[in-house]
Chemist: 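Let me give you the structure first, and then I'll get to my questions.
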Protein chains: 2
Amino acid sequence: MTFSEENYLKTIYHLTTASDSEVSTNAIAEKMETKASSVTDMLKKLADKGLVNYKKYQGVSLTEEGKLAAKMIVRKHRLWEVFLVEKLGFSWDEVHDIAEQLEHIKSEKLINKLDDFLDNPTEDPHGDPIPDREGRIVKIEKQLLSELSENQFGICVGVKDTSSEFLKYLDKQEIALGSKIEFLSKESFDLSLRIKVNGKELTISNKIASNLFVKLV
Amino acid sequence: MTFSEENYLKTIYHLTTASDSEVSTNAIAEKMETKASSVTDMLKKLADKGLVNYKKYQGVSLTEEGKLAAKMIVRKHRLWEVFLVEKLGFSWDEVHDIAEQLEHIKSEKLINKLDDFLDNPTEDPHGDPIPDREGRIVKIEKQLLSELSENQFGICVGVKDTSSEFLKYLDKQEIALGSKIEFLSKESFDLSLRIKVNGKELTISNKIASNLFVKLV
DNA sequence: AATTATTTTTAGACAAAACTAAAAATTATA
DNA sequence: TATAATTTTTAGTTTTGTCTAAAAATAATT
Ligand SMILES: [Mn+2]
Ligand SMILES: [Mn+2]
Ligand SMILES: [Mn+2]
Ligand SMILES: [Mn+2]
């Protein structure tokens, strides 16, 4: 399997698990920053290989085989991210681009040894679940901070947006995975939130709050 | 720089440091298991980029820039090999193929952090020197076991052939980096050697002896 | 229902990196 | 030195993955 094929599979996987339906040619093109015609070409190839279900003009989904392949790429990506943060001391906003390269290294033995070396983590540095060697994923209970009601408490367990800008913003506000967040109030005009983290009160926009996953406590 | 360009640079580097002269199109083709015409195409491209000195029919050598680039690829290859053996528990005959992939990962910060994580090793699992971040190499004193004289002692410090078959043979004979080897005698008929390792006497062919580097003690 | 807008596919082209076959240059040999 | 053998380069294809422009299909609006 080529890097390009792997990247398409991964994108289709992310798009289908996000929306839980068939995904359109344009959606793939936009996510991959390429042209729709290129996507069509690749979908035909992936369909020939039995990795996707594709009928002209009807959108696309992964076959069982394609889904497993995609999960293995995601597994590699997230395990390498854990390695970079836990062992090499990278910060969580630096690891994604490097993991985009490392996820294409082909060796099942390597990734399983890496898994063991890292003590078989179930989540990556952004709170995303890591598929095990059979492709199984343990879903964790979580909801967006923006969906909490007043005076509820949540533990930060993940981020929806994993861009460097957002992660650096969180660093600045001293919000990290594991941070306890108290939802104080919501401003009805702009939906901004008043919260309390690390003993400090803070106002955050709705955009921030709807990119932070928390677990109710 | 593409993977292919990097592989050509690395091959030219190995061939020029082995023979210390201009290297031929055919030599590159043979080492890379490709055709001479493909090599010619690539040499033109590398020359355009200022990475090699190339004149038609005259052979090729690396420019300073090309040499540094090649050294950085070798550095990555060998550091990853150390990681695979020291941290993940691979044996020395399993790591080369995986390192062939990992050497193309692009991130200077990654490789320098890996270097520190491994405590800045100066040699890889096969006894080959690891260039530092400026490309400097500390050459170690070594000679082939086949060049020793009777009753001399040597410490095994490296292998010339790094094929899996040879390395597994050494494992079987319990010869590893650091093993103390006593040269007992040489059979003039076939140049085979009688040696003593780990208290045991052993007969090895000349082919074996001329692929084992030792340091005189 | 007909027209318009959007999405998707097809057709044709291009760059990278490989190949085969043939030509040109170099090297070896008689 | 002339001829033969070898090496290297050139010319022309192929495959992969991309692109643009045009055609076809689908979806949205009058
Ligand atoms: Mn990532
Ligand atoms: Mn992640
Ligand atoms: Mn190696
Ligand atoms: Mn090595």
Side-chain angles (χ1 to χ4, degrees), chain A residues 1-16 18-19 21-62 66 69-70 73 100-101 103-106, chain B residues 1-16 18-19 21-62 66 69-70 73 100-101 103-106:
Chain A
M1 189 136 46
T2 66
F3 284 22
S4 191
E5 288 172 341
E6 291 188 340
N7 285 332
Y8 274 94
L9 281 187
K10 193 181 54 158
T11 299
I12 298 168
Y13 173 77
H14 286 314
L15 289 172
T16 48
S19 74
S21 66
E22 305 267 293
V23 62
S24 74
T25 301
N26 261 4
I28 298 169
E30 192 180 356
K31 194 92 166 190
M32 298 192 69
E33 295 179 15
T34 185
K35 296 298 151 86
S37 55
S38 306
V39 175
T40 302
D41 285 347
M42 184 55 86
L43 293 183
K44 283 183 199 162
K45 189 183 308 179
L46 294 174
D48 284 346
K49 292 195 172 188
L51 297 166
V52 300
N53 306 114
Y54 170 62
K55 265 181 286 174
K56 277 189 192 179
Y57 296 100
Q58 302 297 120
V60 71
S61 63
L62 295 171
I73 300 160
E100 286 287 304
Q101 299 180 62
E103 72 189 6
H104 299 293
I105 302 294
K106 277 145 194 93
Chain B
M1 188 135 49
T2 66
F3 283 22
S4 192
E5 288 171 342
E6 291 188 338
N7 285 332
Y8 274 95
L9 281 187
K10 193 181 53 159
T11 299
I12 297 168
Y13 174 77
H14 286 314
L15 289 172
T16 48
S19 75
S21 66
E22 306 267 293
V23 63
S24 74
T25 301
N26 261 4
I28 298 170
E30 193 180 354
K31 194 93 166 190
M32 299 191 68
E33 296 180 12
T34 185
K35 297 298 153 85
S37 54
S38 306
V39 175
T40 303
D41 285 347
M42 183 56 86
L43 293 183
K44 284 183 199 163
K45 189 184 309 182
L46 293 174
D48 284 346
K49 292 195 173 191
L51 296 166
V52 300
N53 306 116
Y54 169 63
K55 264 180 288 176
K56 277 190 191 178
Y57 297 100
Q58 301 297 122
V60 71
S61 63
L62 295 172
I73 300 160
E100 287 287 303
Q101 299 180 61
E103 72 189 7
H104 300 293
I105 301 293
K106 276 144 195 94

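Letters A, B, ... are given to chains in the order of the sequence lines, protein chains preceding strands, and every chain is numbered from 1.
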Chemist: Could you tell me the separation between the CD1 atom of A:Ile28 and the C1' atom of C:dT7, rounded to a whole number of Å?
Modeler: 13 Å
Chemist: Looking at B:Leu62 and B:Ala70, what are the two nearest heavy atoms and their distance?
Modeler: CD1-CB, 4.2 Å
Chemist: Using a 4.0 Å cut-off on heavy atoms, which residues in residues 3-15 of chain B reach DNA chain C? List them by number, or say none.
Modeler: B:Ser4, B:Tyr8
Chemist: Restricting to non-hydrogen atoms, name the atom on A:Ala36 and the atom on A:Ala29 that form the minimum distance, rounded to 0.1 Å.
Modeler: N-CB, 3.8 Å
Chemist: Mind calculating the distance between CG (A:Asp41) and C1' (C:dC14) to the nearest angstrom?
Modeler: 14 Å
Chemist: If you define the side chain from C-beta out and look only at heavy atoms, does anything of B:Val39 sit under 4.5 Å from B:Met32?
Modeler: no
Chemist: Among B:Leu15, B:Thr16, B:Leu43, exactly one meets side chain to side chain contact (heavy atoms under 4.5 Å, CB included) together with B:Val60. Which residue is that?
Modeler: B:Leu43
Chemist: Counting only N and O atoms by type, is there a donor-acceptor contact under 3.5 Å from the side chain of A:Glu6 to the main-chain atoms of A:Ile73?
Modeler: no
Chemist: Within the side chain of B:Gln101, is there an N or O that forms a donor-acceptor pair under 3.5 Å with the backbone of A:Lys106?
Modeler: yes
Chemist: Looking at every non-hydrogen atom in both residues, tell me the closest pair between A:Tyr54 and A:Gly59 and how far apart they are.
Modeler: CD1-O, 3.9 Å
Chemist: Quick one: which residue pairs count as a side chain to side chain donor-acceptor pair (under 3.5 Å) with a foot in residues 21-38 of chain A, not counting sequence neighbours?
Modeler: A:Ser19-A:Ser21, A:Glu22-A:Ser61
Chemist: To the nearest Å, how far apart are A:Lys35 NZ and C:dC14 P?
Modeler: 17 Å
Chemist: In whole angstrom, what separates A:Glu33's CD from D:dT18's P?
Modeler: 13 Å
Chemist: Nucleotide by nucleotide, 5' to 3', does protein get under 4.0 Å of the base (B), only the sugar-phosphate (S), or neither (-) in nucleotides 2-9 of chain D, counting heavy atoms?
Modeler: -----SBB
